[in-house]
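Reading through the structure tokens given below for one structure.
Residue numbering restarts at 1 for every chain, and letters A, B, ... go by the order of the sequence lines.
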Amino acid sequence: MIAYAISCATRGLAGVPVTVEADIANGLPAFTIVGLTDRAIQEARERVKPAIRNAGFKFPQRRVTVNLAPAELPKVGTAFDLAIAVAVLRAEDSALQVNGAAFLGELALDASVRPVTGVLPMARCLAAAGIKRLIVPIENVPEAALADGIEVLGAASLQACVEYLRGDGSLVAGVRDASPAAPTPEPDLGAVRGQGQAKRALEIAAAGGHNLLMTGPPGAGKTMLARTLPSLLPDLSSDAALEVAAIYSLRGTLRERPPTTLRPPFRAPHHSISRAGLVGGGTGLAQPGEISLAHRGVLFLDELCEFSRQHLEALRQPLEERSVTVARARSAVSYPADFMFIGASNPCPCGHLGDAQGCTCDARQLTAYSSKISGPIKDRIDLVVSVPRQGYRDIFDGADEEPSSAVRSRVEAARSRQGDRAGRGNANMTGREILTAARSTAPARRLLALSGERLHLSARGFFRVLRVARTISDLAGEDRVGEDALAEALHYRIEMAE
Amino acid sequence: MIQPRWIDPSSPDWPARLCHLEAAPHGLWLLGATGPTAPCVAVVGSRRATFSGFEIARSIGGELGAAGIQVISGMALGIDAAAHRGALEAGGTTVAVLGCGIDVCYPPRHAELREQIIAAGSLITEEPEGAPPLKYNFPKRNRIIAALASAVVVVEATERSGALSTARWAADLGREVLAVPGSIRSRQSSGTNLLIRDGVRPFLGIGDLLEAVPELRRAVPESALDSPPGGDGGRLERFSPPLREILARMGTQPVHPDQVGVALGLSPALVASRLGALELAGAVMSLPGGLLAPEPH
């Protein structure tokens, strides 16, 4: 007797439908699961058996073999439990009709169904593979319902699921609720006094998706400024939001971030993070790292120079390619990583270089500190801005500051100009595209030639300056890149050369 | 390869000015192509100098070097090294008086500077070969700097800086002492400001030095003094009025772009683009910490 149930495995953000085959043969009672499984799937035997018994069914006292096909694909996790139980029960009870349904869920010993990670990308994959119906744990229904073209049903327990398959019970139907979740309040730019240069740099970075480095003494407000950046960014498109939600679903962190929210993510990992945590990795199949969780949003590295050199170097490829491929023993997977990079650092170990308080570091410490940020990383940073310590008067007597909403409307206007021109942000344009997009005036071209000599710009450096200048012109609503825009773009680059 | 040699009061190239010292050295180790000449000027200051102090020392060294006046200093970090470098860059000669043995490179980071000084000037010391740079050697070394020099310029010094000991030795020996004034809030200039309060002549440009020491004035050919220091006549002319407005308001103290914006009532975007243009034209340089200062020339 043989029976099937469909489930799904993930491979990066893509899924692969998995056929769970159960065969029951005469012989000594045994329960084997094969098909490149990990430890969690092997342990499924000890969950499925009691769950079937406790649900009031009989576990066959014969030789039970379960195969997860395709058998050469490595599989991990507990989401196969439900499909394994359904396949085993169907092998003995032909009254159970799956009707083209797929199953995801972990079984508890008392036969209730527990939530699993990665349901959203798996639901999207199953829908694309032509599966009509998907049964998931109740808790995963809202995220699974976001996938188009598949009917989602929530099962609270194995009994409920089996009754449904017999045709005499119903499950909780998922209703697609794509209305954006209420946005969580974001820190507002208006709360920061003074810091005109830094705010301008944030506006440019937000408008073009550029990478930004802020330096300044401790307590000057770098972190606070960085945290206001999300409030300047426009909402994500629903496609982009779904892509982001799929990554969070894989990491099982949708509780921190509702799947329907349209706000771009903001990730600020601590500098003690492991490299796998930052770029993705882990044992077995690679999990998405912080850079992928920041996809379509902001990755903020506070105290940049405290991050190990290797961590920073690992960002080089994702910053350029906007995705990351992590190879592990079992297979290599790719995750999207299209993020804006924001760094903050002190200018020196004591933090007071160039500050009124005076720096107490010696020259060797300074060299060691600044060499933490290697040339290749510096080359990928578009804007550098210094954030000075504020005086009493700046903090308490200043005029009212511009709120984030005003800046955001300018950013949105600039972004729509970019969208009309190239269909994407300036930061993502190729060299050829930027050359045509950033048509510059004659004085601007002279300035650019001069800057190449004085700043020793690399080819990448030239293009980065042009992209930033293009964004500045977009903010000003100008068609051509003028001298002023170019000079401003160069100003934010010169600070890095020092 | 030049070998170090021992000179004493009987040697033909023994600097006669050393006899002004009460406790003159019995002899000196000398290593380099050109020994101390007269007249010469000592440029001294703190090891932990500010960037502007560093620039000032370098430009004084450069102007002296270009005028053919030898620069004497102590090859220490900070002001000393900047003065030596300035003189070397201008093609002048420079002498470093060490507080360690002639064959010891201290600080080790100055190995390259040391080679340059040996090639274009000399190192001298009264310490025996192989002597380590002990703390109490340095005040002793300062008296030699003061005795050799016709005048001593203190660029930046805190109240406890060794540069002030050089100034005291110089004053005792009747050498002219000049001090570069600084902001009254700058800790790095507190020592030089104190010197000025106590009657030391302020150094505002090389003209002050030549005026104070007739011996130097006689040594400098008129042609070397063509460009009067301090005047920026014509320097502003090449910029458009908005850029000139910024330059004119900048003064010499480093400022942050935000301060420029507040003072002139300009938006951060305009400030950034104008400063960018000035930086590229070489009229403004950016210092660590994001501050900007006008370039000296």
Keeping the roles fixed (side chain from B:H256, backbone from A:Q197), state whether a donor-acceptor pair exists under 3.5 Å. no
Under the side chain to side chain donor-acceptor pair (under 3.5 Å) rule, collect the residues that match up with B:S189, sequence neighbours excluded.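 If we apply the side chain to side chain donor-acceptor pair (under 3.5 Å) test to B:S189, skipping adjacent residues, there are no hits.
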Non-neighbouring partners of A:E402 that pass side chain to side chain donor-acceptor pair (under 3.5 Å), sequence neighbours left out: A:R410
Which residues, numbered in order, of residues 459-474 of chain A come under 4.5 angstrom of chain B by heavy-atom distance?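 None at all.
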How would you list all residue pairs meeting salt bridge (charged side-chain N to carboxylate O under 4.0 Å, His left out) that involve residues 73-89 of chain B, not counting sequence neighbours? B:R58-B:E89
For A:Q195, which atoms come within 4.5 Å of any heavy atom of chain B: side chain, backbone, both, or neither?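 Both parts, backbone and side chain.
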With a 4.5 angstrom heavy-atom cut-off, which part of B:R48 approaches chain A: side chain, backbone, both or neither? side chain
Is chain A contacted by the side chain of B:R47, its backbone, both, or neither, given a heavy-atom distance below 4.5 Å?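 For B:R47, there is no contact with chain A at all, as no heavy atom is under 4.5 Å.
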Donor on one side chain, acceptor on other, B:S273 and A:H491, under 3.5 Å: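 Checked: B:S273/A:H491 side chains show no N/O donor-acceptor pair below 3.5 Å.
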Please name the pair of heavy atoms, one in [X] and one in [Y], separated by the smallest distance, quoted to 0.1 Å.
X	Y	value
B:L280	A:L450	O-CD2, 3.9 Å
A:Y492	B:P268	OH-O, 4.5 Å
A:A487	B:A277	CB-N, 3.8 Å

Any chance you could measure A:E488, atom CD, to B:L270, atom CG, to the nearest 0.5 Å?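 Between A:E488 CD and B:L270 CG, I get 8.0 Å after rounding to 0.5 Å.
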Picking from B:G261, B:A269, B:S267, B:S186, which has the most non-hydrogen pairs under 4.5 angstrom with chain A? B:A269
CZ/A:R380: more than 12 non-hydrogen atoms of other groups inside 6.0 Å: yes
